[in-house]
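The structure appears below as structure tokens.
The structure presented is a predicted model; accordingly, all values stated were derived computationally and were not measured. All heavy atoms count here, side chains included; hydrogens, waters and symmetry mates do not.
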Amino acid sequence: MEEKNISTVYDPQSVEKKWYSFWEENNLFHAEVEADKQPFSIVIPPPNVTGQLHMGHALDNTLQDILIRWRRMQGYNTLWMPGTDHAGIATQIKVEEMLAQDGVSRYDLGRDEFIKKVWEWKHQYGSRITTQLKSLGASCDWQRERFTMDEGCSQAVREVFVSLYEKGLIYQGNRITNWCPRCNTALSDIEVEHEEKPGNLFHVRYQVEGSDEYITVATTRPETILGDTAVAVHPEDARYKHLIGRSLILPIVGRSLPIVADEYVDPSFGTGAVKITPAHDPNDFEMGLRHELTQIVVMNADGTMADNAGKYAGMDRYECRKALVADLKEQGYLVKIDEHSHAVGHCQRCSTVVEPMVSKQWFVSMEPLAKPAIEAVTSGEIQFVPERFTKIYTNWLDNIRDWCISRQIWWGHRIPAWYCSCGETIVSREDITSCPKCGGTVEQDPDVLDTWFSSALWPFSTMGWPEDTAEVKQFYPTSVLVTGYDIIFFWVARMIMMGLEFKQDIPFKHVFIHGLVRDSQGRKMSKSLGNGIDPLEVIEKYGADTLRFMLITGNTPGNDMRFYWERVESSRNFANKLWNASRFVLMNLEGFDPSFKPSEEKYTLADRWILSRYTKTVTDVTRNLERFELGEAGRLLYEFIWNEFCDWYIEMAKPRLYNKEDGEARGTAQYVLWYVLQNTLKLLHPFMPYITEEIWQHLPHQGVSIMVSPWPEAQVELADNQAEQNMNVIMETIKAIRNMRAEVNVPPGKKSEVILQFAAQAIQTVFSNNLQYLRTLAAAEPIEILSADAAKPENAMTAVASGVEIYMPLKGLIDVEKETARLNKEMENLNKELARISGKLSNPGFVAKAPADVIEKEQAKQREYEEKRVAINERLAYLASL
RNA sequence: GGGGUUAUAGCUCAGUUGGUUAGAGCGCUUCGUUGACAUCGAAGAGGUCUGCAGUUCGAGUCUGCCUAACCCCACCA
């Protein structure tokens, strides 16, 4: 084999591209519908077409790819549906920015031309994010790649909109909604981020008409005074009861305002009197409806003051605030300005302070949809992992408000509603050109839908719905949805509602939630902070496997994690370790015939031990994958490969490999190395797809690729507790000898004479058959076995393992003081432990109630420690006699 | 105002149904180029698991409270 020339350092760059193309060329990612095969499907959370791969994507897609690759190896008909999202506002902004470089605005182009430009942009740059996903190793079925604005998805959107409209679950209304003056569009409630900010509470007095009395009201937004149409007080408030029904004179404007009574007003807050601006505040809007107040719009869509604002018209809202406060003060209406911290809503996308505004928008009636969506989760049909997100989800749905779905932008799914001058509104599956009622010309609603509207349909729109396709039949509901907790409301909840409404079935069985990847100080990675780490940079420098492994280890589902380059290096080191262990195996596989199956009795203790550890690792890794504990599964593999396979087994196999005389022994060692390595590679493959493929292809193997090789099954017959127990004592002994050698600074090249004495014949036999391990791994030479009744050696260091007394005679005299201190320390530990155990065993409650195996375990430990204590005591007595 | 998360070694974190002398990585100390690997190996130091109380034969693990940090939701002007 030519593998001898493989570099000692694993170089991901030279292998990753090669294998990804190989997988694609062999069509290994593609899933055909095979009705008789058990399906496993995931739809990707579609990244924005404008997006660049960030750490969040890297984590999210690594988790999905691990699940997909694992299930594929298990033999499921596995579909990972990829695609991208048209990302309405984000993409529109992106293209507008590009046009702005040439001094062109979207209005210069007009709607149709602009949308053409966006499509051009999409065709040119839209595949950037998917290319980046490929470099991560994502095994998506790219032949099925979808886009939320492609024909199929658009048809699904149209069908759902019209159907909900027909059911009365979509309606149009003049209501108060959140408005972003910068984006110039309405927003849904969850697109508004509230931030507690110090502000002012302005107290302004309004004079009672025909009286000297004043009522003082408080407001955080004095500019809205211009739109006041009433003042409300609590009906039982003694201070104001006599004024209810009378009127006030609105300062500056001079308008007459009725004083109304409303339960909403909290008499204990502020002055107990509230100014009412129905057009610019959600509560006031409601009260306005109750008291039939007029709505006076004083602000424009772009945040400037409207004509109704009189002399302030045209001013920016904050300019107006300043000017108005100055005027109020000057004219004696301003009573005081208090400091007041309150939550201000900001546009999620551009951080501009949002204004509540009255406008005509389309809404989805949420309550009827929310009820079954809650039920699907509380019944356990859909399970959140971790479970605690269930509560967050249901709390939100319990208090849900209607969803404003119309957006005043151009890029997106156009609302399928047409208006005729005759007053007719037509909502239609097919585009129409004339009014079905009067035959007049119609005009389509200029607005588009909230981007999340199409995302909500993703699990079935990608599979061809509303057609009753074979894909829908086989792959819906999907198996699991993997996403961050930040879009549970935006996306997860809405998919569940839409799935239940239109498929009469849940969209997925599990929702696997992960946290955020933060920077090393725990801060969110963000563009503005400039603290983001580019996953592509990590891939370039360390490889995708390293990035993947780093992302999934050392954290638990649902929790945030921090990014450290040190952790990247640690993962890289692991890859390198595996690489070199594999090189070692390959270099020693000369003459190996993979069809050779060693006979049982040729297995050494080390063979039986590693095979036992291996089969238990299969069980544990598989179990943890089933429970979505991917980090724990990864950690188990790390420990098995490094601490057991590399640190011990390879070292123990060496003598047999180097001795070419005994062909059968050598063949057996080769077989076990090969068997354990190639199966462990399979277990690791979902986590580190590239390096495992590279190594696997070098090993004798069957099949095209490790990624479609069968997932290892635990083999009960390989589990061998006796072998593990015996190995543990031998390892314990080796460590004890190494420790003594280090204690007295024996140079590594120098052998140490070792004398062993055993508590029982059984353990002595185990050692007699395996002394070579002590020779090679502890530099013990010569080794003498003392009979149980023989006198202890003098002038020797002492250690005690389970059932074994270990003596290391010294050429010079032993340092009595140091040796005594060392043994005393050991003694102290033993005494502490023994005290704990005997405390337990003498507790009648423990003996009566603890399970038998727990008691036996404690008793066994007690015997073992007692023995050790006797041995050490003897030795201490001997030392004292010197 | 509601709800949630976290608190374990110097740092970042694991610890799966309660039962091992509580673990890892990084960092630290000492030694090491023995034919896979210095991106490595060997030995070692380092923790009263935030605090208090409770349940239990037994608590890092379950319950309650305290403290601290963080997050989400919410129309008190």
Side-chain angles (χ1 to χ4, degrees), chain A residues 6 8-10 176 190 194 201 217-221 224 232 264-266 268-277 281-286 340 342-343 356 388-389 391-392 395-396 399 485-486 488-489 515-516 520 522 542 553-556 558-562 564 566-567 569-588 620 623-624 627 629 631-632 635 638-639 643 646-647 650-651 654 658 735 738-743 745-749 776 779 829-830 832-833 836-837 840 843-851 853-855 857-858 861 865:
Chain A
I6 304 176
T8 63
V9 172
Y10 172 62
I176 195 148
I190 48 177
H194 292 273
L201 193 56
V217 299
T219 180
T220 52
R221 294 182 297 153
T224 61
Y264 164 79
V265 180
D266 175 2
S268 66
F269 184 86
T271 60
V274 185
K275 62 187 261 327
I276 302 182
T277 322
D281 183 276
N283 297 310
D284 295 5
F285 179 82
E286 295 296 325
H340 179 67
H342 64 134
R388 71 182 130 96
F389 289 102
K391 200 166 180 183
I392 292 172
N395 277 351
W396 184 70
N399 305 302
Y485 58 70
D486 48 336
I488 292 177
F489 306 148
L516 270 36
S520 61
Y542 294 91
T553 46
N555 76 321
T556 23
N559 286 357
D560 291 352
M561 65 182 302
R562 298 190 190 195
Y564 281 95
E566 289 85 349
R567 301 211 320 115
E569 278 173 18
S570 153
S571 293
R572 185 269 317 267
N573 294 350
F574 173 55
N576 199 241
K577 184 74 183 179
L578 173 66
W579 180 250
N580 279 294
S582 305
R583 276 180 60 239
F584 173 82
V585 173
L586 285 166
M587 289 185 330
N588 288 285
D620 292 347
R623 204 188 77 233
N624 278 292
R627 296 159 11 102
E629 291 282 355
E632 184 66 4
R635 190 188 63 83
Y638 179 102
E639 286 184 352
N643 303 338
C646 293
D647 286 353
I650 284 184
E651 294 307 321
K654 276 178 181 173
Y658 295 154
K735 284 182 192 166
R738 284 170 174 174
N739 182 326
M740 288 190 285
R741 283 168 55 89
E743 202 75 39
N745 295 319
V746 180
T776 53
N829 285 340
L830 278 175
K832 254 199 313 215
E833 261 313 285
R836 192 186 61 81
I837 294 172
K840 251 185 175 180
N843 179 343
F846 176 75
V847 181
K849 293 188 179 174
D853 61 311
V854 173
I855 296 173
K857 228 153 111 189
E858 294 292 339
K861 258 190 292 181
Y865 294 161

Hydrogens and angles aside, do A:Asn576 and A:Asn580 bring a side-chain donor and acceptor to less than 3.5 Å of each other?
yes
Without hydrogens or angle criteria, can the side chains of A:Tyr485 and A:Asp560 be said to hold a donor-acceptor pair below 3.5 Å?
yes
Looking only at side-chain N and O atoms, does [X] come under 4.0 Å of OP1 or OP2 in [N]?
| X | N | answer |
| --- | --- | --- |
| A:Lys840 | B:G58 | no |
| A:Thr556 | B:A14 | yes |
| A:Lys577 | B:G41 | yes |
| A:Lys861 | B:G19 | no |
| A:Arg572 | B:U39 | no |
| A:Arg562 | B:C13 | yes |
| A:Asn395 | B:C72 | no |
| A:His194 | B:C72 | no |
| A:Asn745 | B:U30 | no |
| A:Tyr564 | B:C13 | no |

Sugar-phosphate only, base, or nothing, as touched by [X] at under 4.0 Å among non-hydrogen atoms:
| X | value |
| --- | --- |
| A:Thr553 | nothing |
| A:Lys735 | sugar-phosphate |
| A:Arg623 | base |

How far does the [atom1] atom of [N] sit from the matching atom of [M], given to the nearest Å?
| N | M | atom1 | result |
| --- | --- | --- | --- |
| B:G60 | B:U17 | P | 14 Å |
| B:G4 | B:U48 | P | 31 Å |
| B:C62 | B:G18 | C1' | 8 Å |
| B:G46 | B:G25 | C1' | 15 Å |
| B:U34 | B:C40 | P | 15 Å |
| B:U21 | B:G54 | P | 26 Å |
| B:G41 | B:G35 | P | 16 Å |

Check whether any side-chain heavy atom of A:Arg567 sits under 4.5 Å from a side-chain heavy atom of A:Arg572, and report yes or no.
no
Hey, can you tell me if A:Phe269 and A:His340 have their rings parallel, tilted or perpendicular (30° and 60° cut-offs)?
perpendicular
Nucleotide of [options] approaching [X] most closely (side-chain heavy atoms):
| X | options | value |
| --- | --- | --- |
| A:Met587 | B:A36, B:A43, B:G19 | B:A36 |
| A:Glu833 | B:G3, B:A77, B:U21 | B:U21 |
| A:Val274 | B:A77, B:C37, B:G19 | B:A77 |
| A:Pro851 | B:G19, B:G4, B:C76 | B:G19 |
| A:Asp647 | B:A77, B:G32, B:A42 | B:A42 |
| A:Asn580 | B:G4, B:U39, B:A36 | B:A36 |

Does NZ or CZ of A:Lys654 lie under 6.0 Å from the centre of the six-membered ring of A:Phe584, at an angle within 45° of the ring axis?
yes
Taking the six-membered ring for Trp, does A:Trp579 stack with B:A36 (centroid gap under 5.5 Å, planes within less than 30°)?
no
Does A:Asp266 have any side-chain hydrogen bond (donor to acceptor under 3.5 Å, both in side chains) partners at least two apart in sequence or in another chain, and if so, which?
A:Ser268
If you find the nucleotide of RNA chain B closest to A:Gly845 and the one closest to A:Glu566, which residue's nucleotide is nearer the 5' end?
A:Glu566
Using the closest heavy atom to pick a nucleotide of RNA chain B for each, name whichever of A:Tyr658 or A:Ala343 lands nearer the 5' end.
A:Tyr658
Tell me which nucleotide, if any, is Watson-Crick or G-U wobble paired with B:C52 when both distances must be under 3.5 Å.
B:G64
When rounded to the nearest 0.5 angstrom, what is the spacing between NZ in A:Lys275 and CG in A:Asp281?
7.5 Å
